[in-house]
Amino acid sequence: MSQRELPSSFTPDLVEALLYEKWVKAGYFTAEAKSDKPPFSIVIPPPNVTGILHIGTALDHTIQDILIRMKRMKGFNALWLPGTDHAGIATQNVVEKQLATEGLSRHDLGREEFIKRVWQWKSESSGAILKQMRRFGDSVDWTRERFTMDKGLSRAVLTIFKRLYDAELIYRAERIINWCPRCMTALSDIEVDHSDDAGELVSIRYGEGGDAIVVATTRAETMLGDTAVAVHPGDARYAHLVGKSILLPLVNREIPIIADEHVDPEFGTGAVKVTPAHDPNDFEIGQRHSLASIVVLSPEAFVTGTGTEFDGLDRFEARKAVVEALRKQGRIVAEKRPYIHAVGHCQRCETTVEPRLSKQWFVKVAPLAKAAGDAVRDGRVKIEPESLAPRYFEWVDNMHDWCISRQLWWGHQIPVWYGPNGEVVVTGPDEKAPDGYVQDPDVLDTWFSSALWPFSTLGWPGSTEDLKTFYPTSVLVTAYDILFFWVVRMMLFGLFAMDGIPPFHVIVLHGLVRDKFGKKMSRSKGNAIDPLELMDVYGADAIRFTLARGANPGADQALAEEWIAGSRNFGTKLWNATRFAIMNGATVEGELPTFDSLNAIDRWILSRLSETVKEVDQLFETYEFARACDVIYHFAWDELCDWYLELSKEAFASGTAHDSKRVLGFVLDQLLRLMHPIMPFITEELWTALTGGESIVIAEWPKSIPSHHDTDGEKLILQVQDVITEVRRFRNDQGIKSSQRIPGRFHAPKEFARYESAMRFVLRIDHPEEGLFTPSKTLELGSFKIEMDLSQAIDHVAERARLSKDLVAAKKDRETAIVKLSNEGFMAKAPDNVVIEIRERLAKTDSYIERITVQLAKLPLA
RNA sequence: GGGUGCUUAGCUCAGUGGUAGAGCGCCUCGUUUACACCGAGGAUGUCGGGGGUUCGAAACCCUCAGCGCCCA
């Protein structure tokens with residue numbers, strides 16, 4: 001245990017990597033499978049293997065690391081489990097693009113070779129994000145790193161699939177699904193992004209004369225697959241036509257006119273074309289009326305099988321061609337262009353999604369979602385902040401069945417085998433399908449495996465020690481925009497697989513990181529902030545502190561580079577303060593002196609520290625990271641650096657600071673611990689230098705000390721601060737340089753005598769030489785009187801202005817107080833302490849006004 | 001269309017009934033035993049508009065206006 005001198009500045013790029021390796025090597029981040037310590041666990045939202053650390057991830061990780069590091073210091077068996085997600089579509093796209101540069105498609109390689117190629121890609125070029133997490137300081141347990149395609153996790157996938165299937169919660173059906181014609185796969189609802197696009201709305205007349213009906217559509221080409229026209233049953237305009245049929249133009253097919261409650265008679269003409277194979281609503285109508293579903297688009301979205309001239313056209317070409325053909329027949333009644341309407345796009349490639357009839361596997365979510373909703377409703381799972389809970393319910397209560405099959409190769413292949421006579425066998429782990437059976441070629445939605453993450457990573461379906469110790473996990477931290485993709489799904493599967501025990505106790509939701517004007521970051525706008533570049537410049541700690549400081553519960557935060565610079569400056573401030581403390585003999589050796597034996601400056605800082613510890617601890621525990629950072633920032637910068645160190649300098653210089661050295665050592669030691677979860681690197685460097693300890697990572701978390709709470713000490717120092725500030729203000733207004741020493745005399749109550757030298761030191765006011773003192777200015781401040789001999793003349797004009805301003809402010813304060821005290825309602829109903837406070841305020845302003853008035857009267861007019 | 005937020009200093013945001021706050025920016029001064037990535041001092045707000053509840057409202061209620069997000 002020995003102290004170390006600090007270099008003049010902190011160099012994050014040189015230090016951070018070394019510290020991180022030291023921590024990993026020491027095993028600080030490795031959780032114990034079995035332990036007497038209480039468990040605290042978080043599973044990381046697994047980033048895509050293709051991913052890099054972006055600013056949102058940085059925020060997410062900062063919050064998780066704060067919680068984990070704090071709990072570790074509190075003596076918990078803390079586990080932060082890292083890993084990555086195989087990200088089916090995204091990863092497959094990356095490798096397919098790579099193949100394309102070689103002029104190959106995945107079909108050229110074949111399924112097996114292609115998958116090999118993806119694994120090869122993963123082993124070579126994935127893991128960028130894992131390296132970046134090390135740079136960022138994430139205290140994750142690398143010995144437990146997982147990947148959704150690992151053997152263990154794949155086993156979990158097979159297990160749950162079979163269980164769900166056996167419970168009749170997985171089924172296969174022909175449904176309208178979102179189809180991406182570029183990725184050539186089905187997508188779930190949440191993989192589709194809607195945007196308002198400019199399209200066209202054309203109104204088409206079907207039929208002739210009095211029996212004609214006009215329908216409107218934005219996708220004219222789908223009319224080739226119409227199998228009915230529907231109207232509302234109560235719509236008198238069409239009552240005479242219901243039950244009859246009408247000739248579908250271009251195709252010349254007789255289609256029925258049907259009545260269905262679903263049709264909105266107010267919208268458009270009140271009649272709609274029905275294309276069951278290409279629209280989800282039409283599909284429902286088709287089901288109710290036993291209509292045929294005619295697929296008119298190929299998987300690539302080319303018109304096919306209609307027997308018309310349009311076969312072979314791409315959907316957008318066909319749209320134009322169909323409208324033209326109808327126009328020639330005089331059937332286009334109206335056209336609206338542009339027509340702004342919501343259009344779905346593939347989240348991964350932005351291609352316009354095509355609703356398409358297709359045979360897919362689904363999870364029946366109703367019973368699972370009910371359980372997921374109840375777990376939050378009955379308080380077993382808490383959502384923080386609570387205000388976001390309605391968003392959770394909105395989803396869980398209205399969830400559609402989940403399409404889980406994807407027409408991809410990269411992922412968990414669906415464990416369903418088809419026999420030669422249409423038999424269907426689902427294989428669990430260690431099970432084999434009979435010979436001659438063929439496996440379903442599709443793979444599962446990536447979210448299917450990520451939904452198992454909180455327990456598959458801990459060894460489920462095995463009954464492992466990790467699972468017993470760490471499930472359910474303590475908190476789940478993620479941005480609110482992923483609540484539905486992931487959190488809801490983990491709830492569904494966790495409750496199902498783990499016998500009704502939800503996967504986490506608390507869901508902590510944070511917001512998104514935006515640019516400095518609160519606008520969404522995007523590459524195209526050029527306002528994206530790259531945490532990796534910023535880490536090079538400012539270090540990881542500065543980014544972490546900035547993000548934590550902006551993390552108000554559930555709310556988005558704006559971010560600007562200059563604010564990160566500000567956080568870096570804060571680190572530097574702390575660095576210099578600690579360096580100064582070490583140079584002046586601050587120590588952590590020996591017992592802290594008895595509290596009552598200390599001077600008020602020391603008692604005050606200890607009292608403030610104790611309060612700060614209490615507040616920060618509570619704020620961390622309630623996920624109020626922004627406020628916690630604010631409290632730390634002000635304690636460290638304002639109270640410790642600007643006041644305590646300044647007031648103590650005289651004692652350090654004069655060698656009378658024996659107790660203060662120990663107090664300062666203690667305060668810094670505790671403050672660094674308190675800050676460590678947010679700024680792990682610089683606090684480690686400073687703490688080990690100051691204390692000679694092994695590592696702050698494993699240091700004990702600070703405790704608030706009630707006996708250090710010292711109202712009198714705080715009051716006294718508050719007065720000292722007021723006096724100093726007033727004298728500084730006077731000097732400033734008078735244009736007296738702060739380095740200019742002034743002779744002066746202090747007249748103050750006894751209890752301040754002990755602090756006169758400290759105040760003189762800060763204010764540069766010297767004892768006057770015997771017999772030579774002729775005070776030219778007297779400042780009266782509360783019970784203080786300071787006489788000064790100003791070598792230069794006072795600027796009376798400036799002084800009059802200063803005092804007049806104070807007088808106005810004081811009179812206003814007095815007025816407010818009087819109004820309240822003379823208000824009968826206030827006197828009768830306001831609580832006693834408030835009344836007392838206002839009375840005191842009045843007395844204070846009264847005497848203040850009197851003093852200023854006297855001083856003003858004494859001032860010469862010129 | 002349904003839901004849900006937001007509107008406070010130049011900018012970004014805290015502040016859930018008792019004299020309006022922070023960071024950044026701005027102005028003045030400044031090499032004093034750490035720190036110019038600094039210090040000291042200062043300026044800046046009818047808390048979106050209107051109404052109500054209350055002794056007392058930025059905060060609670062109603063209403064209007066503007067902006068945002070989610071879902072359809």
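All values below were derived from every heavy atom in this structure, side-chain atoms included, with hydrogens, water molecules and symmetry-related copies excluded. Proteins get letters first, then strands, A, B, ... in listed order; numbering begins at 1 in each.
Rounded to whole Å, the P atom of B/C70 lies 35 Å from the corresponding atom of B/C26. The separation of B/A57 from B/G50, taken at their C1' atoms, amounts to 15 Å, rounded to a whole angstrom.
Counting any heavy atom pair closer than 4.0 Å across all strands shown, A/Asn552 reaches sugar-phosphate atoms only and no base atom. Residue contacts shown for A/Glu646 include a base, since a base heavy atom lies under 4.0 Å away. Here A/Ala828 lies out of heavy-atom contact (under 4.0 Å) with every strand.
When the options A/Asp733, A/Ile736, A/Val762, A/Val723 are evaluated for a side chain to side chain contact (heavy atoms under 4.5 Å, CB included) with A/Arg728, the one that passes is A/Val762.
Using N1 to N3 plus N6-O4 or O6-N4 for Watson-Crick, or N1-O2 and O6-N3 for G-U wobble, each under 3.5 Å, B/A40 pairs with B/U28.
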Contact list (N/O, under 3.5 angstrom) for nucleotides 9-11 of chain B vs protein:
none

Could you pull out the protein-nucleic contacts involving nucleotides 25-29 of chain B (nitrogen or oxygen on both sides, under 3.5 Å)?
none

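Note: A/Phe484 and A/Trp395 have parallel aromatic rings, judged against thresholds of 30 and 60 degrees for the angle between ring planes.
Residue A/Trp637 places at least one side-chain N or O closer than 4.0 Å to OP1 or OP2 of B/G39. Look at A/Arg841 and you'll find a side-chain N or O under 4.0 angstrom from OP1 or OP2 of B/U19.
Under the 6.0 Å distance and 45° angle rule, A/Arg608 does not count as a cation-pi partner of A/Phe635.
Nearest-nucleotide assignment on RNA chain B puts the 5′-proximal partner with A/Arg549, out of A/Arg549 and A/Arg568.
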